[in-house]
Amino acid sequence: MVLVVGLGNPGRKYEQNRHNVGFLTVTRFAQLHGLANFKEKYRGELTKGDLAVDSARYPVALLKPATFMNLSGESVQPAAAFLKVDPAAIVVVHDELDLAWQDIRLKVGGGHAGHNGLRSIIGHLGVADFVRVRIGIGRPPANFRGDVASYVLQDFNAIELTELGDVLGRACTAIEKVVAKGVTAAMNDVNCKIGGPGKKK
């Protein structure tokens, strides 16, 4: 089984925040694959089912921690322990300041780069070698009034909202590739594309 974790903050006021793009992706993924409704478990919301790809089926569990971002590991660790999922089979979907908006990259391991959700997960798992689906939100523009925390907790702007559906769709495709093809093959495919379908290095 693969455990896919979407990072975000619970509650209506955070729903469309840039910081919640992990929640949005996992919700879209569940809808696309007809998985059951999320239920409260492991200090979060969980659903399980099979991902059907090319006539094969792969068991997956989707988790949205309800602990608030800074405590995400308090949900991920017990869920992974109960489901008997090794860190290498955990896929964490999160926003990434150091990638341009709409850019998506896969990565295995590494530090948390100041992302408090990743920091918490690494701290509770005791290792960092899980898969990350990094969804670029870009850094605040030069004329932005506020700090980075204010920026990530701001809703997507009107232009970004028109592009968000495509971004979520490509993030879901990246997850599918990790589950069905393995992370190395998925990285070879996903990481060669920049800024959307058909655009390559």
Derivation of the side chain to side chain contact (heavy atoms under 4.5 Å, CB included) call for Val92 and Leu7: CA-CA 7 Å; Val92 177; Leu7 296 188; 3.7 Å; yes
Donor-acceptor pair, side chain of Asn70 and main chain of Asn116, under 3.5 angstrom: no
Heavy-atom check, side chain of Gln16 versus side chain of Leu161, under 4.5 Å: yes
Let me have the donor-acceptor pairs involving side chains of residues 125-133, under 3.5 Å, with sequence neighbours excluded, atom names and distances please.
residue : atom : partner : partner atom : Å
Arg132  : NE   : Gly109  : O            : 3.3
Arg132  : NE   : Phe130  : O            : 3.4
Arg132  : NH1  : Gly109  : O            : 3.4
Arg132  : NH1  : Gly111  : O            : 3.0
Arg132  : NH2  : Gly110  : O            : 3.1
Arg132  : NH2  : Ala128  : O            : 3.1

Quiz item: cation-pi between Arg18 and Tyr151, 6.0 Å / 45°: yes
Donor-acceptor contact below 3.5 Å, side chain Asp86 vs main chain Ala89: no
Passing candidate, side-chain contact (heavy atoms from CB on, under 4.5 Å) with Val2, options Leu83, Val91, Leu62: Val91
Shortest non-hydrogen separation from Glu15 to Leu24 and the atoms involved: O-CD2, 3.7 Å
Ile175 with Leu46, same ILVMFWY side-chain cluster at under 4.5 Å: no
Under 3.5 Å: donor-acceptor pair, side chain of Asn157, backbone of Glu160: yes
Any donor-acceptor N/O pair, Ser120 side chain to Gly117 backbone, under 3.5 Å: no
Cluster link Phe82 to Leu71, ILVMFWY, side chain under 4.5 Å: no
Atom of Leu97, atom of Pro140 and distance for their closest heavy-atom approach: CD2-CD, 4.4 Å
Shared hydrophobic cluster for Leu3 and Leu106 (ILVMFWY, side-chain gaps under 4.5 Å): no
Leu63 side chain reached by Val76 side chain, heavy atoms, under 4.5 Å: yes
Basic-acidic side-chain contact under 4.0 Å: Asp189, Lys177: yes
Ring centers of His19, His115 separated by less than 6.0 Å: yes
Any donor-acceptor N/O pair, Ser75 side chain to Ser72 backbone, under 3.5 Å: no
Nearest atoms (heavy-atom pairs only) where Pro10 meets Phe23: N-CE2, 3.9 Å
Reported CG-to-CD1 distance for the pair Leu99 and Ile137, which is rounded to 0.5 angstrom: 9.5 Å
Pairwise side-chain contact, Val21 with Phe156, heavy-atom cut-off 4.5 Å (strictly under): yes
Gap separating the CG atom of Asp166 from the CD1 atom of Ile104, nearest 0.5 angstrom: 8.0 Å
Atom pair CG (Leu164) and CZ (Arg28), whose distance is rounded to the nearest 0.5 Å: 7.0 Å
Nearest-0.5 Å distance that lies between atom CD in Glu176 and atom NZ in Lys181: 11.0 Å
Sequence neighbours excluded, every pair satisfying side-chain hydrogen bond (donor to acceptor under 3.5 Å, both in side chains) that has a member inside residues 36-60: Arg43-Glu74
Single-linkage hydrophobic cluster Val178~Val93, side-chain heavy atoms < 4.5 angstrom: yes
Tyr14 side, atom OH; Asp155 side, atom CG - distance, nearest 0.5 Å: 11.5 Å
Ile135 vs Asp95, side chain to side chain contact (heavy atoms under 4.5 Å, CB included): CA-CA, chis, key distance, verdict: CA-CA 5 Å; Ile135 302 177; Asp95 58 305; 5.7 Å; no
hydrophobic_cluster_shared for Leu168 and Val179, side chain cutoff 4.5 Å: yes
Glu96: partners by salt bridge (charged side-chain N to carboxylate O under 4.0 Å, His left out), with sequence neighbours left out: Arg134
Polar side-chain atom of Asn9 near backbone of Met69 as donor-acceptor pair, under 3.5 Å: yes
Beyond-backbone contact of Arg139 with Val148, side-chain heavy atoms, under 4.5 angstrom: yes
Distance (rounded to the nearest 0.5 Å) between Ile121 CD1 and Arg119 CZ: 12.5 Å
Sidechain-backbone polar pair: His33 side chain, Leu35 backbone, donor-acceptor under 3.5 Å: no
